[in-house]
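Have a look at the structure below before the remarks.
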Protein chains: 2
Amino acid sequence: MVTLAEVAQHAGVSASTVSYVLSGKRSISANTRQRVERSIRELGYHPNAGARALASSKSNIIALMVPLRTDMYVPVMMEIAIAVATSARAHGYDVLLLTGEEGPDAVRRVAGSGLADGMILMDVELDDERLPLLRETDQPSVLIGLPADTTGLTCVDLDFRATGALCVEHLAKQGHQDIAVIGEAPAVYERHTGFAERTLEGLRSRSRELGVRLLHRPCEGGYDAMAVTLARILDERPGTSGIIVQNESAVEPLLALLRQQGRAVPEDVSVVAICPDQVATQASVRLTSVAIPAQEMGRHAVDHLVAKLDGRGSDEVVLIAPELTVRGSTGPAPSRP
Amino acid sequence: MVTLAEVAQHAGVSASTVSYVLSGKRSISANTRQRVERSIRELGYHPNAGARALASSKSNIIALMVPLRTDMYVPVMMEIAIAVATSARAHGYDVLLLTGEEGPDAVRRVAGSGLADGMILMDVELDDERLPLLRETDQPSVLIGLPADTTGLTCVDLDFRATGALCVEHLAKQGHQDIAVIGEAPAVYERHTGFAERTLEGLRSRSRELGVRLLHRPCEGGYDAMAVTLARILDERPGTSGIIVQNESAVEPLLALLRQQGRAVPEDVSVVAICPDQVATQASVRLTSVAIPAQEMGRHAVDHLVAKLDGRGSDEVVLIAPELTVRGSTGPAPSRP
DNA sequence: ATAGGTTATCGAAGCGCTTCGATACCGATT
DNA sequence: AATCGGTATCGAAGCGCTTCGATAACCTAT
């Protein structure tokens with residue numbers, strides 16, 4: 001293993017000079033710089049991460065806490081995680097992967113040990129138990145998702161309230177009067193996940209304003225659960241002509257069931273999905289949808305965290321404006337008999 | 001920030017004693033141990049990761065290199081990644097997330113800087129460009145996937161050859177004579193991903209042995225691509241009665257298309273999938289499948305790597321035996337006219 | 001009582017780096 | 001010629017921990 005001292009000796013300078021060449025924190029003559037850089041290359045030198053962290057109290061690592069549950073919106077999680085890792089590298093940071101398993105203790109461990117300089121939390125619940133710790137250790141952090149109380153926190157999220165409103169609006173504008181919402185699994189609502197509840201608020205308030213009827217039903221993913229849910233909806237509201245889905249694993253089953261029942265999309269029923277673009281375009285019907293901008297969220301989170309670590313940047317809540325893309329699954333409401 | 005020295009002072013012992021209490025590398029009297037542990041608790045002490053890494057040349061971090069591509073078998077990747085993170089924690093290690101983006105350089109960087117003690121590589125190609133580096137730096141590592149040359153390497157993977165064979169066997173046993181294979185996207189074969197090619201080998205050799213006809217077609221995910229692929233298959237081999245799918249995002253489109261064309265599963269066509277159990281059970285037809293044991297692979301990889309880091313364990317190739325679960329999508333071949 | 005062997009603890013060195021004065025040299029200003 | 005402000009470099013201290021002898025205290029066996 002090559003050390004700074006060896007590079008220094010090889011280049012005929014002192015260790016501190018090599019350090020300054022590396023960090024650029026003091027001016028170095030062009031001549032010396034080149035000699036040092038050459039030695040670094042020739043010896044294949046890589047600074048030791050531990051020593052660096054110890055001396056500078058900076059690890060150049062960002063911790064990313066992903067939910068342990070693999071049952072929910074997995075591709076989105078993955079996409080965010082990869083976006084985070086990629087953007088972090090672009091800023092010179094590596095990413096430490098923490099699962100939700102450890103719970104709040106992970107926050108304590110990371111903050112206490114100086115393992116990471118800051119952390120990004122995904123899947124934040126409205127009343128998340130990690131937040132008190134985050135505030136008290138004042139660990140630099142960014143949340144992906146929006147808790148109930150955001151004082152002193154930096155959050156990045158899609159504006160799910162506006163997303164809900166946007167979906168209702170789109171359908172209402174086309175004349176749909178009876179709209180059904182197929183939501184995430186009941187467990188998601190029970191644990192008060194922010195995005196699910198806020199979507200619902202948006203859906204409800206906008207439909208109230210626009211005078212359309214709204215029926216919300218949580219739904220486990222999969223074909224069987226979807227069959228039951230759809231039957232219940234059509235039973236309660238036979239006139240339903242617009243459906244909003246916020247559950248990736250319910251999308252394809254829903255479309256299959258509608259087809260099977262002879263309900264044409266979009267002639268008989270219009271469908272709007274809240275899902276990543278990939279899902280919307282790869283479904284059996286090209287879906288009108290509001291995209292979940294996973295990449296953008298990951299990138300934003302990293303940018304904000306890095307800004308904080310650099311002493312720039314402040315606490316703030318960034319809500320990304322939703323965008324509805326019209327594809328082939330929505331159209332005018334059928335005229336009622 | 002609390003340091004070892006402060007704990008030592010608080011407990012009235014020397015720093016080294018505290019260190020030995022923590023590591024258990026020398027015997028400590030019960031009395032002293034308790035006093036020290038109490039101080040640790042009262043002061044909320046966490047050892048500094050950087051200092052530890054520097055002094056012990058061990059970071060207690062495992063690097064996990066995931067593919068950058070988000071287009072392929074995403075849930076499997078995610079499940080493996082989470083299994084790795086979870087098992088690693090159980091062994092006292094944290095996980096550093098590296099994306100394929102950096103390519104081979106990441107290996108050099110991690111090995112050189114002592115950032116991680118070892119690494120796990122996912123999505124290994126047959127002739128992976130990271131392997132020479134891995135061998136030359138003799139960085140402790142485990143591959144998930146099987147390259148062409150495994151000398152000096154430890155690998156964990158599902159036995160995809162046996163998996164292919166198993167699928168053919170199952171269908172042949174039920175009398176199917178004409179079998180079609182819907183594979184991964186063409187790009188996957190072009191970059192010589194090991195698992196795809198080995199599955200194919202297994203499929204081909206077993207079908208030759210059993211005297212059944214086999215047609216293999218790569219397929220991009222999604223509905224449209226699937227429609228084209230299926231049409232071509234049925235055009236070339238109208239008598240096809242068994243289909244093997246190895247492409248998660250083709251599964252649901254395939255089932256929808258078959259339904260749409262009035263081909264009943266399993267009465268007219270039998271379908272075997274190679275996919276995670278979750279996909280097989282949540283599809284619109286409960287699929288007979290060979291599971292991809294993501295969790296098990298992640299766990300194995302970590303166990304082997306930790307064994308290596310402890311000086312136990314040797315280079316070896318672990319192939320997990322495939323298991324075929326019969327569900328509702330396969331049955332006897334229809335009698336030919 | 002003394003040598004020999006344990007067991008429990010301490011002190012000091014050192015891991016590889018960053019960073020803060022200090023120093024030496026230079027040309028420009030008076 | 002003496003002074004000043006830069007610029008380029010060096011040396012040494014120190015980050016918080018691990019680990020290796022050394023030492024002291026205590027048993028046991030002679």
Side-chain angles (χ1 to χ4, degrees), chain A residues 1-37 39-40 43-61 92 94 109-117 309, chain B residues 1-37 39-40 43-61 92 94 109-117 309:
Chain A
M1 218 206 162
V2 190
T3 70
L4 229 214
E6 293 173 309
V7 173
Q9 190 172 17
H10 185 272
V13 299
S14 77
S16 51
T17 301
V18 178
S19 178
Y20 286 124
V21 167
L22 249 30
S23 68
K25 291 191 180 174
R26 283 203 184 169
S27 51
I28 297 284
S29 70
N31 184 358
T32 306
R33 156 171 291 112
Q34 282 168 13
R35 269 212 330 286
V36 170
E37 281 169 351
S39 298
I40 289 178
L43 300 180
Y45 169 71
H46 284 269
N48 178 291
R52 221 169 212 196
L54 177 57
S56 67
S57 337
K58 278 212 57 187
S59 63
N60 281 295
I61 290 182
D94 274 295
R109 193 166 62 86
V110 170
S113 68
L115 233 188
D117 297 330
L309 294 177
Chain B
M1 215 205 164
V2 191
T3 69
L4 228 214
E6 292 172 311
V7 173
Q9 190 172 18
H10 186 272
V13 298
S14 76
S16 50
T17 302
V18 177
S19 178
Y20 287 124
V21 167
L22 249 31
S23 68
K25 292 190 179 174
R26 284 203 184 169
S27 51
I28 296 285
S29 71
N31 184 357
T32 306
R33 156 171 292 111
Q34 281 169 14
R35 268 214 329 285
V36 170
E37 282 170 349
S39 297
I40 288 178
L43 300 180
Y45 168 71
H46 284 268
N48 178 293
R52 220 169 213 195
L54 178 57
S56 66
S57 335
K58 277 213 56 187
S59 63
N60 280 295
I61 289 182
D94 274 295
R109 193 167 61 87
V110 170
S113 67
L115 233 187
D117 297 330
L309 295 177

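Keep in mind that what you see is a predicted model, and the values were worked out from it rather than measured. To find a chain, count down the sequence lines: A is the first, B the second, and so on, and within it residues start at 1. Only heavy atoms go into these numbers, but all of them, side chains included; no hydrogens, no water, no symmetry mates.
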| In residues 2-14 of chain B, which residues come under 4.0 Å of DNA chain D by heavy atom? | B:T3, B:L4
| Do you know which of A:E37, A:R35, A:Q34 makes side-chain contact (heavy atoms from CB on, under 4.5 Å) with A:V21? | A:E37
If you check the [X] side chain, which of [options] turns out closest?
X	options	result
B:S56	C:dA8, D:dT19, D:dC17	D:dT19
A:N48	D:dG16, C:dT9, C:dG16	C:dG16
A:T32	D:dT18, D:dT9, D:dA12	D:dT9
A:A55	D:dG16, D:dC10, D:dC15	D:dC15

For [N], take OP1 and OP2 only and decide whether either is under 4.0 Å from a side-chain N or O of [X].
X	N	result
B:T17	C:dC10	yes
A:K25	C:dT18	no
A:Y45	C:dC17	yes
A:S29	D:dT9	yes

Measure the distance from [atom1] on [X] to [atom2] on [N] and round it to the nearest whole Å.
X	N	atom1	atom2	value
B:R35	C:dA8	CZ	P	14 Å
A:R52	D:dC17	CZ	P	21 Å
B:K58	C:dC15	NZ	P	20 Å

| Base D:dC17 to side chain B:Y20, donor-acceptor N/O within 3.5 Å cut-off | no
| request: Calculate, to the nearest 0.5 Å, the distance between atoms CZ and OG belonging to B:R33 and B:S27 respectively. | output: 8.5 Å
| query | For B:S27 and A:S19, take the nucleotide of DNA chain C holding the closest heavy atom to each; which residue's nucleotide lies nearer the 5' end? | reply | B:S27
| field | Nearest-nucleotide 5' precedence on DNA chain D, B:L54 against B:R26 | value | B:L54
